[in-house]
Amino acid sequence: MGSNRMNERVDVQLDALTGLRAAQPRPEPAPADLSGDGKTFYLETFGCQMNVHDSEKVAGVLLGRGYQQVETIDAAKLVLYNTCSIREKAAQKIYSRLGAYRKYAGEEKIIGVLGCVAQQEGEEIFERSPWVRLVCGSASYSKLPDLVAELEAGNRRVMGLDKDTDATFETEITRRDNPFRAYLTIIEGCDKACSYCVVPFTRGPERSRASALVLAEVRRLADAGYSEVQLLGQTVNSYSDPSSKKMTFAELLVAVAAVHGIRRVRFTTSHPRDFGRDIVEAIDSVPQLCDHVHLPVQSGSTRILREMLRTYTREEYLEKIAMIREARRPISVTSDIIVGFPGETEEDVEETLSLLDAAQYDGVFAFQYSPRPNTSAQHMPDAIPEEEKGRRLARVMDRQREIQRARNEALVGQTFEVLVDGASRREGQWSGRCSSNRILNFTSPRENLLGEYVPVRVSSSSPNCLVGEHAI
Ligand code: SAM
Ligand code: SF4
């Protein structure tokens, strides 16, 4: 999806889904029985970290109701599909996937669609894929336990699509899939109105969780053995504590980092408008706060930024970058870029390329603009042809690759602390992430390193990763 994987954006198996066709005849769904034993579910996730974490919470809701998670559709009574609609391709492929599920319609399985496509398409999903029995949008997850209860009571079709929800998605149990990093949503929805973006429509208005609830969850995570947490929100730094404590985002970061047992705190995604000096000062003074900021710019052209309703100019954005670069410890910065926004000229593209030079990012996710329903950019004139978007994307990625090549080369010889999260099949080969979120593959004579923090000396580099040796 992006030009590298510094941040885990997970478009799970999207490509594998191409070519699946939605079938035409529309059979009535067969009765499904969710009572009694054998309550099993299969859950597949598409999209960003927010979706991955939503799925963890959905799994928690179901486990709390006595369900068992299974690895295959065949073994499941309830088949759930957590969807992403940020770009058109992702949304289209979901209908293809639903076409593939049709063959299960007569097998007493309940098929459900969750997430952003569910929120966006609503009843249309029942129309196009009548074998679907549950539709629950990403702004309505707090209703999910009730919806599941309705299914269990034998209701044929249930739907949760509230848009005005004040509630955040709180669960008693969250089934966390990543053994090394715990995700934690602190703010849901988005109140910005970027002209290209579907998120405010699919995830609803901004709702922050009370700081005490966030801290209580972090304590539980630390007690459960997690040492790294990642705070999530579409605009995580727009966090606004609804409780009387009125903690700022920077104060919350410091408080989370102070929880006993927590060694690393990450946060994503930050919106440039709300990114203040206090966040940099917090990172500078609290070692547990990771030295990485994901600060999407979207375009290097002030004219395009205005059309995108991003609320900052190129110069204002670069001032934020300068502020980050002035920190006492180096802070890695990554970004998102959209190419081919309507009306984008050759000069605008040049401005984006020169912004890459000026910002010196450590990683970039670059995307071709995709018109989305309900957004104000959807019908803007001067659409850029797909082929040209592809060329612009390649130019951005090529330039960024060279920047990363040079930046990573400069790290050779340095030693970083790595949280080991992967073992290669080859003996003695490990991988993990630095505080800066860079991936470091390394060799070590030691065994059983998974989950350990170890010092690694960088011996060579490529644009997307570092290679090194355990510095024993
Ligand atoms: N809230 C984050 C922010 O403001 O940067 C980003 C959330 S969005 C899930 C992740 C990225 O998808 C955006 O930063 C943007 O680059 C990209 N994106 C969003 N809408 C898009 C669209 N219509 N076409 C192409 N890329 C899009
Ligand atoms: Fe979308 Fe803009 Fe909100 Fe990010 S800040 S989720 S890009 S509307």
Side-chain angles (χ1 to χ4, degrees), residues 1-3 6-11 14 45-54 82-92 115-117 119-120 138-139 185-207 231-239 267-275 293-300 304-312 317 320 333-342 344 352 355 361 363-380 383-384 386 389-390 392-393 396-397 400:
M1 319 175 43
S3 63
M6 272 212 54
N7 272 26
E8 297 158 325
R9 289 277 159 81
V10 199
D11 248 351
L14 273 184
T45 308
F46 290 73
C48 62
Q49 281 151 328
M50 297 282 291
N51 268 17
V52 170
H53 184 41
D54 284 344
N82 189 0
T83 60
C84 167
S85 66
I86 196 80
R87 280 165 290 276
E88 196 186 358
K89 234 177 176 177
Q92 273 170 1
C116 295
V117 173
Q119 193 75 44
Q120 187 181 292
S138 34
T185 306
I186 64 164
I187 171 169
E188 289 178 8
C190 180
D191 279 350
K192 310 282 189 291
C194 303
S195 61
Y196 52 81
C197 185
V198 78
V199 168
F201 304 97
T202 56
R203 289 195 168 266
E206 259 173 36
R207 292 97 71 199
L231 309 184
L232 296 179
Q234 291 296 340
T235 53
V236 73
N237 58 327
S238 308
Y239 176 80
F267 54 96
T268 198
T269 296
S270 295
H271 191 285
R273 195 195 70 188
D274 299 332
F275 196 87
V293 175
H294 185 61
L295 196 69
V297 67
Q298 312 299 357
S299 169
I304 294 293
L305 288 172
R306 205 180 305 121
E307 296 289 311
M308 288 177 161
L309 303 179
R310 281 296 283 183
T311 72
Y312 51 83
Y317 179 86
K320 305 268 176 181
V333 186
T334 53
S335 189
D336 294 346
I337 304 267
I338 296 176
V339 295
F341 188 78
E344 186 186 58
T352 295
L355 182 126
Y361 293 122
V364 162
F365 296 98
F367 308 104
Q368 292 180 208
Y369 168 72
S370 162
R372 305 308 299 125
N374 303 316
T375 60
S376 57
Q378 188 188 6
H379 299 297
M380 277 186 183
I384 309 296
E386 290 303 311
K389 285 184 198 169
R392 293 179 185 184
L393 185 71
V396 164
M397 286 164 65
Q400 180 56 30

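This chain uses plain numbering: 1 for the first residue, then up along the sequence. Just so it is clear, the values below take in all heavy atoms, side chains as well, and ignore hydrogens, waters and symmetry mates. All ligand and atom numbering here is 1-based and tracks the order in the structure.
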Which residue owns the protein heavy atom closest to atom 2 (Fe) of ligand 2, what's the atom, and how far is it? Cys194 SG, 2.3 Å
Is the closest N or O pair between Ser370 and ligand 1 shorter than 3.5 Å? yes
What about Ser270: any of its N or O atoms under 3.5 Å from an N or O on ligand 1? no
Side chains of Phe367 and Asp336: does their closest heavy-atom pair fall under 4.5 Å? yes
Residue, atom and distance of the protein heavy atom nearest atom 3 (Fe) of ligand 2 read Cys190 SG, 2.3 Å
Can you list the steps and then say if Asn51 with Thr45 is a side chain to side chain donor-acceptor pair (under 3.5 Å)? CA-CA 7 Å; Asn51 268 17; Thr45 308; over 6 Å; no
Taking only heavy atoms of Gln234, which atoms of ligand 2 are found under 4.0 Å from at least one of them? 6 (S)
Atoms of ligand 1 under 4.0 Å from any heavy atom of Gln368, numbered from 1 in the order shown, are 24 (N), 25 (C)
Suppose we measure from atom 1 (Fe) of ligand 2 to each protein heavy atom; which comes out shortest, and what is that distance? Cys197 SG, 2.3 Å
Closer than 4.0 Å to some heavy atom of Tyr369 - which atoms of ligand 1 meet that? 24 (N), 25 (C)
If the cut-off is 4.0 Å to any non-hydrogen atom of Pro296, which atoms of ligand 1 fall inside it? 5 (O)
Top protein contact for atom 4 (Fe) of ligand 2, by heavy-atom distance: Arg310 NH1, 4.2 Å
Any N/O/S atom, backbone or side chain, of His271 lying under 2.8 Å from atom 2 (Fe) of ligand 2? no
Compute whether any side-chain donor of one residue and acceptor of the other, for Arg310 and Tyr196, lie under 3.5 angstrom apart. yes
Numbered atoms and elements of ligand 1 in range of Arg372, under 4.0 angstrom, heavy atoms: 23 (N)
So if I count the atoms of ligand 1 from 1 in the order they appear, which ones are less than 4.0 Å from some heavy atom of Gln298? 5 (O), 13 (C), 14 (O), 15 (C), 16 (O)
List the steps, then state whether side chain to side chain contact (heavy atoms under 4.5 Å, CB included) holds for Phe201 with Thr375. CA-CA 8 Å; Phe201 304 97; Thr375 60; 4.1 Å; yes
Considering only heavy atoms of Pro200, which atoms of ligand 2 have at least one such atom less than 4.0 Å away? 8 (S)
Do Arg87 and ligand 1 have an N or O pair less than 3.5 Å apart? yes
If we number the atoms of ligand 2 from 1 as shown, the ones under 4.0 Å from a heavy atom of Tyr196 are 7 (S)
